[in-house]
Amino acid sequence: MREFLESIGYVRWVLPALLALPVIGAGLIWMTPTPRRRGLAPGIDEIAGGLANGPRWIALMVLLAEFVVSAGLWWAFDPAVAQWQAAFDVSWIPYWGVRFTLGIDGIALMMILLTTSIMVLAVLGSWTGIRRRTHGYYALMLVLTSGMLGVFMALDLFLFYVMWEVMLVPMYFIIGIWGGERRIYASVKFFIYTMIGSLLMLVAIIYLGLASADPQTGIPNFSYDRILETVQVSPTAGLWLFGAFFLAFAVKVPMFPFHTWLPDAHVEAPTAGSVVLASIMLKLGTFGFIRLAVPLFPEAAMHDDVRAVILGLAVIGILYGALVSLVQPDFKKLVAYSSVSHLGFVMLGIFALTVQSVQGALLIMINHGISTGALFFLIGMIYERRHTRMIDAYGGIARVAPLFATLLTIVSLSSIGVPGTNGFVGEFLVLLGSFRTHPILAVVSATAVIFAAAYLLWAIQRILFNALDKPENRHIPDLNGRELALMVPLIAGIIWLGVHPQPVLDRMEGAATRFVQHVETRASRAMAER
Amino acid sequence: MQPLTAFDLSVPLQLTFALGPDLLLMIGAMILLLWAAWRPESAAHQRSVASASIVLAIMTGASVWFYLMRGFSASPGPIAVDNFRWMADLVILVGTIFAIALARDDNDRQGIGVAETHVLILLASSGMMLLAAARDLMIVFLAIELMSIAVYALAGLNRRSSRGAEGALKYFLLGAFSSAFLLYGIALVYGATGSTSLTVIAERVIVPGATESPLLLAGLAFLIVGFGFKVATVPFHMWAPDVYDGAPSSITAYMAATVKAAAFAAFLRIWLEAFPGAYTAWHTALAAIAIVTMVVGNAIGLAQRNLKRLLAYSSIGHAGYLLVAVVPGTLQGASAMLFYLFVYTLATFGAFAVIIAMTRPGRDTVMVDELSGLWAVRPWLAAGMAVIMLALLGFPIFGGAGFFAKWYVLQAALQARVPETALAVALVLTTVVSAGYYLFVIMVMFMRAPSPDAEGLPRTPALTRLVLAVTVVGILVLGVYPNWVQRVADAGLPRVERASMLGLFGAPRQAR
């Protein structure tokens, strides 16, 4: 495989190609004509009907191609190499020192693969759910893909910021146009919350760019590597800058008091929107912590007080998310709040700062992407049949839709973190790793695993197993072929990562270790100076 | 004859050459004025005068481009011959062309047959070009009056509209008021320094102790007030919403973008060339005005349901952002301001092109609700408006160059010798506030059901469509590849006397 990839010069073009492909696809979709009138002539109507399906087929094909192209990275990536891989670098705006620099490490690799695979499924998941204005919808999904991939690849802070903002607009439209009843409120809230955080990050990025400006020419520099090496800021400035980055990423994660946009956005978004939000966009926040906020300002991030606050918020988020999930009557909201809890584990793992806990955090990022994505898909499928998300409205579904029941059970177990599923490995590693540095927090957080079991098992009991006492539920059709095809890869991922996560861990280990070492050395040096 | 590279402004002929583009526009406008008055008012006459005016503006633009490319310079004198002037001229002329194009369609639709509209726009623009060139406070005043009087008349162009009359009267009274402030400020500065020439003032202000003179300080304060009125900064903004709402849409766009651009160009030149020595005296005041302007403009914008008033408050907010570029008093700030003005001109004219397309005959304003579900009815119009709204918001890629403009201003603020962090933070936070109303417009267009009478909207006139397309494409293209304007805007640094600059702001950057 590797020889083949080398023979086509794969690593030289793969990253820009991954960014360009969806944009080209979006352009294609925009150009497919919209069938406007019906009943023109026999034969023409069929063609018009076929055109109406055009957008989703184009989106599916483009994203499948995207997935195939990105899959090569799995083999092309060499875990032993410490540098950025598949690097790509051209000048963009020379006058401001802005370059178009892309590159990946093990963490970005896994995130990119997660993104490209989830996006294919997201299109499949919208196949019948989205009926209005399909052109816009699928074009935005494709642009969104580019934006998210760009964040994972960007090695220039300017580019990072651009990509970070680019993914906001498609999601705003996806929630606001194709969402549920309170979609407008949810979409504006989502947009404004994210924007407050990211604009302060913008100021911080410019500050950093000017701080590492070329002394001769005065041209600012936004290259991640050079900023990492050269920027020296005073402890106070470091604290403020870290604060700006923290706010941007904490809103996105979301960490405890900044999470209030999440239930609204997740619940109101269309199924695929919720999936993308939960599976990928939340990870951008934690990815931002690992890539930017913590390595750039280890002194501030590892300052005892700061760290205590963040770890405290993480643990509060873990427990709060779990407890609120427990009382939700709305299944989608329940899953949304469970995300707050899961992402709290990720934050705990990152800031506990041991190799194990960071690896665990990375694994949870992937696992949560698969399990919660799968949960949202399943909710969407049942919603299309019954048009309600209230847990009370169901009961005894297992008898009419056994396939659905089986899948929901497997996915729930994985989300709870039962051994043998992917959820277990990540949470176990985080708890193990953080127990070494913060035993009390680890013990407290471990209780949330029990809550998770409680809220999910209780919910699936009420949905799947209680008496089949509502007449509307007697004729719910079971999953169809498309829905099964969509779920099979997710189930396969759940089991594979639960049984044999080693290949994934191997690829991320180098990056995680370097992250921990870098932060520890810088932080302890700062400590010694104090 | 050898091509001139440096004009000696004390020689009348060379002074005339240095004023070449300005004179071309003025003389051309006079001739067009005669032609416009020659025939009785009619729609056809109005249209042909508009076309001739556009041709004249394009010719003037070409001559400006020629001067810019030849890199002329001049001896110190009453007018500047530098890239800053030419760049400001280009921004003004782009606005002028858009304004005439929109006015032609708007007059047609509203049944206004005043062919002088376009000539008045040309006359105002010639005043603006003079303003961008002025290096003497007397010329500044002269140019401002030339510009303002033409715009007063333009504001009241729609004689059948009572709101138009109200706005025009308000604009005239407050404009006269602000001119008085300006003139008084000039007089006081003259009293303190004994000169109206920016170069001489700079030399006299830099003398130790000069900035303690109460006469000079009072003069500076009056100048700030006078310019504050012209560019509509808080607390001198009260006239803007009424005037912007009452005037015909094309004129509103012209006032919001081009008048502002010219006033800012003069404003910046005066601060940078005449008063670097008094930096500490004006810096705090301007910074405070900038913050208040950004906060008030954007906060009140949230409550607007009338699209023209919404854009009026948005333009007040943008005046605040532009002041952020002026406050550091650096060359980067000057470049950032020019770039911002260019992008802002594109976005404003695009937005008003949409307003003109949406205005029904006989109405003079558009409520935001009238855009309901526009995407379903007029997808291109809605998409264009969305891009413009995002550009005004300063959003990357989808908002195109709007993001780069804001980025540049922020960078200039943080690049000042003492980084203006407070201003930068205020800028981004008020940007978040502004998202509230820009997104509201987008939300109404894309997320609401179409209003029942949307189908009855008349077809968008050709020139309006062209203006919208050019502005939107321009914004998007510059949003991916800003290098070209970047380079030209950077060439547009005011050629400030080095002696007064070096001591205060450090050497200008070498990089080109």
Side-chain angles (χ1 to χ4, degrees), chain A residues 30 34 91-98 132-133 135-136 143 146-147 150 158-159 161-166 168-170 172-173 175-179 183-184 187-188 191-207 209-211 213-214 216-220 237 240 244, chain B residues 332 335 375-376 379 383 386-387 390 393-399 403-404 406-416 419 421 423-436 438-440 442-444 446-448 479-483 486-487 489-490 506-512:
Chain A
W30 188 256
T34 328
S91 179
W92 182 13
I93 311 174
Y95 189 80
W96 292 342
V98 173
R132 293 181 304 133
R133 304 170 165 188
H135 281 72
V143 174
S146 280
F158 185 100
L159 184 63
Y161 181 81
V162 168
M163 292 300 183
W164 182 264
E165 294 278 47
V166 159
L168 201 54
V169 170
Y172 167 71
F173 281 113
I175 298 175
I177 298 179
W178 293 275
R183 59 181 195 273
I184 291 174
S187 61
V188 171
F191 196 102
I192 303 252
Y193 265 59
T194 320
M195 206 171 165
I196 293 179
S198 55
L199 276 168
L200 287 173
M201 174 168 82
L202 173 68
V203 177
I205 288 177
I206 298 180
Y207 187 99
L210 293 173
D214 189 319
Q216 257 100 55
T217 58
I219 293 181
W240 281 107
Chain B
Q332 284 87 11
S335 288
W375 190 33
V387 167
L390 289 173
L393 177 56
F395 209 85
I397 306 293
F398 300 104
F403 169 64
F404 290 137
K406 273 216 170 98
W407 170 281
Y408 207 177
V409 168
L410 280 174
Q411 189 169 302
L414 292 175
Q415 224 166 10
T421 320
L423 280 179
V425 171
L427 194 156
V428 297
L429 290 182
T430 51
T431 299
V432 175
V433 175
S434 73
Y438 294 130
L439 285 186
F440 173 69
I442 295 181
M443 184 275 282
V444 168
F446 285 84
M447 297 172 196
R448 286 219 187 134
V480 178
Y481 193 73
N483 290 343
Q486 187 43 58
R487 213 168 293 137
D490 192 59
R509 263 187 315 178
Q510 298 299 309
R512 273 295 139 87

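Within every chain, numbering begins at 1; the chains are lettered A, B, ... in the order of the sequence lines, protein sequences first and strands thereafter.
For A:Leu210, the part sitting under 4.5 Å from any heavy atom of chain B is the side chain, from C-beta outward, and nothing else. Looking at A:Phe173, the atoms closer than 4.5 Å to chain B (heavy atoms on both sides) sit in the backbone and in the side chain alike. When heavy atoms are compared at a cutoff of 4.5 Å, B:Phe403 approaches chain A solely by way of its side chain, counted from C-beta outward. For B:Leu390, the part lying under 4.5 angstrom from a heavy atom of chain A is the side chain only. The part of B:Trp375 that comes within reach of chain A is its side chain, from C-beta onward, which places non-hydrogen atoms under 4.5 angstrom from that chain. Contacts between A:Trp92 and chain B at a heavy-atom distance below 4.5 Å involve backbone atoms as well as side-chain atoms.
Contact of the B:Leu429 side chain with the A:Leu199 side chain is not registered, since no non-hydrogen atoms from C-beta on lie closer than 4.5 Å. Between B:Thr431 and A:Met195 there is a side-chain heavy-atom pair separated by less than 4.5 Å.
Annotation for A:Gly176 and B:Met447: closest pair O-CG, 3.3 Å, computed over non-hydrogen atoms. Annotation for B:Leu414 and A:Val203: closest pair CD1-O, 3.8 Å, computed over non-hydrogen atoms. Scanning both residues, B:Ala435 and A:Ile192, for their nearest heavy atoms gives CB-CD1, 4.0 Å.
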In sequence, state the C-alpha distance, the side-chain angles, and the governing distance for A:Phe191 and B:Phe395, and then conclude on ring-ring contact (aromatic ring centres under 6.0 Å, His included).
CA-CA 12 Å; A:Phe191 196 102; B:Phe395 209 85; 5.5 Å; yes
Working note: A:Ile93 + B:Tyr481, criterion side-chain contact (heavy atoms from CB on, under 4.5 Å); need CA distance, chi angles, decisive distance, verdict.
CA-CA 7 Å; A:Ile93 311 174; B:Tyr481 193 73; over 6 Å; no
Check the pair B:Phe446 / A:Tyr172 against side-chain contact (heavy atoms from CB on, under 4.5 Å), numbers first and verdict last.
CA-CA 11 Å; B:Phe446 285 84; A:Tyr172 167 71; over 6 Å; no
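Remark: aromatic rings of B:Trp407 and A:Phe158 are close, center separation under 6.0 Å.
Here A:Pro170 pairs with A:Leu140, A:Val143, A:Leu144, B:Phe398 under the side chain to side chain contact (heavy atoms under 4.5 Å, CB included) rule; sequence neighbours left out.
With respect to chain B, the highest number of heavy-atom pairs below 4.5 Å among A:Val188, A:Ile205, A:Ile196 belongs to A:Ile196. Most heavy-atom pairs under 4.5 Å with chain A, from the set B:Pro396, B:Gly399, B:Gly436: that is B:Pro396. Interface remark: of the candidates A:Val169, A:Leu200, A:Leu168, A:Ile184, A:Val169 forms the most heavy-atom pairs closer than 4.5 Å to chain B. Residue with the most contacts toward chain A among B:Leu427, B:Thr421, B:Leu410: B:Leu410 (heavy-atom pairs, distance under 4.5 Å).
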